[in-house]
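Notes follow once the structure below has been shown.
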There are 2 protein chains.
Amino acid sequence: MSSDASPVRPARKARVTITDVARSAGVSVATVSKVINDRDGVALGTAERVKAVVSELGYESSLVASSLRRGRSGVLGVLLAEFEPFSTELLKGISARLSGSDYDLMAYTGALGPHPQDQAGWERRSLSSLAGTLIDGAIIVTPTVELPDTTIPVVAVDPHAGPSGPAAIDSDNLGGARAATEYLLSLGHRRIAHLRGRADLQSALLREQGYREALTAAGIPERPELIADGGYRSSPAAESARKLLTLPQPPTAIFAANDLSAIATIDVAQSLGLRVPEDLSVVGFDNVPEAVGTAPPLTTVAQPLREIGQEAVRMLLDLLAGHSLAQPHLHLPAQLVVRGTTARPADIVARA
Amino acid sequence: MSSDASPVRPARKARVTITDVARSAGVSVATVSKVINDRDGVALGTAERVKAVVSELGYESSLVASSLRRGRSGVLGVLLAEFEPFSTELLKGISARLSGSDYDLMAYTGALGPHPQDQAGWERRSLSSLAGTLIDGAIIVTPTVELPDTTIPVVAVDPHAGPSGPAAIDSDNLGGARAATEYLLSLGHRRIAHLRGRADLQSALLREQGYREALTAAGIPERPELIADGGYRSSPAAESARKLLTLPQPPTAIFAANDLSAIATIDVAQSLGLRVPEDLSVVGFDNVPEAVGTAPPLTTVAQPLREIGQEAVRMLLDLLAGHSLAQPHLHLPAQLVVRGTTARPADIVARA
DNA sequence: GTGAAAGCGCTAACAC
DNA sequence: GTGTTAGCGCTTTCAC
């Protein structure tokens, strides 16, 4: 409206407060508060007048101030170390499940500095600083077991959790990894490599364990040279994949700990003149469903991250409603999705 | 520690407040506050004692209370209608750029009810209710032009913005769409269909416009039957793709408004017995880079969403520092990435 | 060096 | 119906 406000640096009007509205409407702040919150005990005319002023001034009550006073905010928080594919996928499920509910959703991530000590305990710090005043409940995405006793209900996703501890939910990493490896075995592969995930994450350890168990059960001796670190990230995974594929006796199949590693592996294979799946079978745990929607379809272990998000919300809402959880620790199945283009070693050998 | 706390419903201890710490340390709250915020004017011994109590009680100051009092929170907000691939991709860039900075990051989304009126104006409402008390600056992802004058600096991503209005940033949707269509034309395609995005989003309109402009420039008359609604979503896109591909004279190429539509198109094509790219060329605007990492590579128009996020943060930090922006309205190039598997119509005809 | 007191914006008792 | 008051947890003068 004001024509002299620069579009680039708009005039920073002071915040419109409830006091401004009260003064402008000629009533007390208490009355304004009542109108805003649809409390009764206000004359119709007064209410109208207040509402008019509210919309004229563009007033909106401060979430911070009202939740500080009320003791509840109507906001649920998701605490993340970082926004990356895993957590954002989870957020999609959480967001979907929560839309239409009475709760707003907030995803919070601390400014993790370069120092490791900033990293350590971020869950505890964030949770404590937000709990009770800004968020009414939290979903916390973390490998850390030790969560502080909190004012508010908490559900942990993917924690290093034993049977005790907070309510928790994760994928069946062990079973999924076993299924992936067994599938490759069933095709006849015997030299199956594994591209590990991040050593500090439970999911990575379980995936490696599943891989080992499946091999052992099939009577195949472990070959340390066929296990390499991918760190759940593209470039370390690519480097390790290159090492694996240039071994004197390279694997005929690779089980990658996540989708980024699997994609990196495929890229490297192609750059080495190998075709996938004709010359190399790749199966990876999958975080991002979109990543495997393209043709030709890849066989993957699909993690139901969105469902995990939705379940986490369900548990949290249950806790908020004062219920106790029938199943405080959930493992959702990580399903092997065979999409029909995984080569058998016979094919590979025949071609070689 | 307490052994009788149920793991499922932990005892909800009351929040530890600064008052608790003060009482326990035998000092005033003012002193505790000084210690916490590293203010001087506190005796060394006192400070030690307070710190001990703080860690003993696991005290963490309430973000809400302190920011209410201070008038700044050290938190930047990203306001989203929803967590979906576009916005989460953006978040990855924002998060990356902000990590290591002094600001924490909060992504906020209101509980959008089923009613359209809940939807309308959520930006204004959220922004007003958070600005100044909870967040010091905002990146707002929205098609809405009208943003309220705010207390805090705001950068808009993907708005229906003219040259005025708040600082804004988006992809070069027009140029990208033109490039995609010109590419298909250069391969010899003449029957090129377009799967539109959401009519309420500027990006969708610009992509359609780019498509039209390219056709017109090539002297190809518009064929309304070759333009269908995809809505940026899988199922409507699939439906429209089916209609296009079962036309008496189906297109030899489809330009899809986003990656979900492109993937849906490929799925439908395959279900109709068509191979992509052998029997149909598909090029789509792409939100999620991972979605096209798999083999065989697809040709896409890559949107630099993470870079957009990073740029948005840069602009916001500039504004927060009191600078004015040299470039208040940025269009980052949306680049055509040819990955070598887009069929020419000659190939398709030869095969038919 | 330390604490009492005011107040950030708001809501909930309780007077009037 | 309406306003006055107290106080949520915290930081900041400003006395002592």
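Fair warning: this is a prediction, and the values are worked out from it, not measured in the lab. To find a chain, count down the sequence lines: A is the first, B the second, and so on, and within it residues start at 1. When reading the values below, keep in mind they use all heavy atoms of this one structure, side chains included, and skip hydrogens, waters and symmetry mates.
dC8(D) atom C1' lies 13 Å from atom CZ of Arg70(A), rounded to whole Å. The interatomic distance linking Leu63(B) (CG) with dG9(C) (P) rounds to 16 Å, in whole Å. Here dC8(C) presents its C1' atom at 13 Å from CG of Asp20(A), a figure rounded to the nearest Å. Between the CD1 atom of Ile36(A) and the C1' atom of dA12(C) there is a distance of 14 Å, given to the nearest Å. Atom pair Leu134(A):CG and dG9(D):C1' shows a separation of 13 Å (rounding to whole Å applied). Whole-Å rounding puts the Lys34(B) NZ to dT11(D) P distance at 12 Å. One interatomic measurement links the two molecules: CG of Asp38(B) to P of dG1(C), which rounds to 15 Å at whole-angstrom precision. Rounding to whole angstrom units, CG of residue Leu44(A) and C1' of dG1(D) are separated by 12 Å.
Within 4.0 Å (heavy atoms only), Thr133(B) reaches no atom of the nucleic acid at all. Nucleic acid contact for Val64(A): none, since no nucleic acid atom lies under 4.0 Å from a heavy atom of the residue. Contacts of Thr46(A) with the nucleic acid, taken as non-hydrogen atoms under 4.0 Å apart, involve only primed sugar atoms and P, OP1 or OP2. At a threshold of 4.0 angstrom between heavy atoms, the contacts of Ser33(B) include nucleobase atoms, whether or not backbone atoms are also involved. Within the 4.0 angstrom heavy-atom criterion, only backbone atoms of the sugar-phosphate kind lie near Ala43(A); the bases stay farther away.
Listed nucleotides dT2(D), dG9(D), dC10(C) differ in distance to Leu68(B); the shortest reach to its side chain belongs to dG9(D). Of the candidate nucleotides dT11(C), dC10(C), dC10(D), dC10(C) has the atom nearest to the side chain of Arg15(A). Between dT11(D), dA12(C), dG9(C), one nucleotide has an atom nearer to the side chain of Arg39(A) than all others, and that is dA12(C). Among the nucleotides dT11(C), dC8(C), dT2(D), the one closest to any side-chain atom of Arg69(B) is dC8(C). Of the candidates dC10(D), dT2(D), dC10(C), dC10(D) carries the atom nearest the Tyr59(B) side chain, counting heavy atoms from C-beta on.
With salt bridges taken as basic N to acidic carboxylate O contacts below 4.0 Å, none links Lys92(A) and Glu84(B).
Defined by atom type and a distance below 3.5 Å, a donor-acceptor pair is missing between the side-chain atoms of Ser73(A) and Ser67(A). A donor and an acceptor atom, one from each side chain of Glu123(A) and Thr142(A), are located under 3.5 Å apart. With no hydrogens or angles considered, a side-chain donor-acceptor pair links Tyr108(B) and Asp104(A) at under 3.5 Å.
Ile94(A) is not listed as a side-chain neighbour of Gln310(A), based on a closest heavy-atom distance of 4.5 Å or more.
Between Thr133(A) and the choices Ile152(A), Val64(A), Thr151(A), Leu68(A), the side chain to side chain contact (heavy atoms under 4.5 Å, CB included) rule is met once, by Leu68(A).
Proximity of Ser28(A) to the phosphate of dT2(D): no side-chain N or O atom is located under 4.0 Å from OP1 or OP2.
Both Ser61(A) and Asp40(B) sit near DNA chain C, but only Asp40(B) has its closest nucleotide nearer the 5' end. Each of Ala30(A) and Ala65(A) was matched to the nucleotide of DNA chain D holding its nearest heavy atom; the match closer to the 5' end belongs to Ala30(A).
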